[in-house]
A.B. asks: 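Attaching a single structure in structure tokens format; questions to follow.
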Amino acid sequence: RGLGDVYKRQKKEECEMADIVESLAGNKMLMLKQDIAFLRKRLTECANDEEALKAIRRELMEKETYYNVLADRQRIHF
């Protein structure tokens, strides 16, 4: 085998790994979107409980930030 064969095999493995990581990121983004929608719904339901609102807002901000990081990473790589 020549050096070219090793390079081609390495590139193929990198692409396969990128596909797996991309798939996992896509699944995580879908889960985050569902969580965000649920938390927004909960915000309207807990209008009277200030402590619950604070906790929901905090969690909502964390999930939105994580979602945006994954979305930015996808945009950069593709």
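These numbers come from a predicted model, not from an experiment. All values below were derived from every heavy atom in this structure, side-chain atoms included, with hydrogens, water molecules and symmetry-related copies excluded.
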A.B. asks: For Glu45, look at atom CD and say whether over 12 heavy atoms of other residues, nucleotides or ligands are found less than 6.0 Å away.
C.D. replies: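 Enclosed.
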A.B. asks: To check you understand the geometry: which heavy-atom pair defines the closest contact between Cys46 and Ile56, and what is its length?
C.D. replies: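 That closest heavy-atom pairing would be SG-CD1, 4.0 Å.
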A.B. asks: Closer than 4.0 angstrom, basic N to acidic O: yes or no for Glu64 and Arg40?
C.D. replies: yes
A.B. asks: How far does CG of Leu39 sit from CD of Gln34, to the nearest 0.5 angstrom?
C.D. replies: 12.0 Å
A.B. asks: Please tell me whether Tyr67 and Leu43 are part of a single hydrophobic cluster in this structure, the criterion being side-chain heavy atoms less than 4.5 Å apart.
C.D. replies: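 Yes, because Tyr67 and Leu43 connect within a single hydrophobic cluster, where side-chain heavy atoms sit under 4.5 Å apart.
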A.B. asks: Indicate, with yes or no, if Val69 and Leu60 share a hydrophobic cluster defined by side-chain heavy-atom contacts under 4.5 Å among Ile, Leu, Val, Met, Phe, Trp and Tyr.
C.D. replies: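 Not linked; separate clusters.
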A.B. asks: Testing the basics here: between Asp35 and Lys63, what is the closest heavy-atom pair and its distance to 0.1 Å?
C.D. replies: OD2-NZ, 3.2 Å
A.B. asks: Do Gln74 and Met29 come within less than 4.5 Å of each other through their side chains, counting heavy atoms only?
C.D. replies: yes
A.B. asks: Could I get the full list of side-chain hydrogen bond (donor to acceptor under 3.5 Å, both in side chains) partners for Arg57, not counting sequence neighbours?
C.D. replies: none
A.B. asks: How long is the straight-line distance from CD of Glu62 back to CG of Leu32, given to the nearest 0.5 Å?
C.D. replies: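 One finds 11.0 Å between CG of Leu32 and CD of Glu62.
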A.B. asks: Do the side chains of Leu70 and Met61 join up, straight or via other hydrophobic residues, at under 4.5 Å, putting them in one cluster?
C.D. replies: no
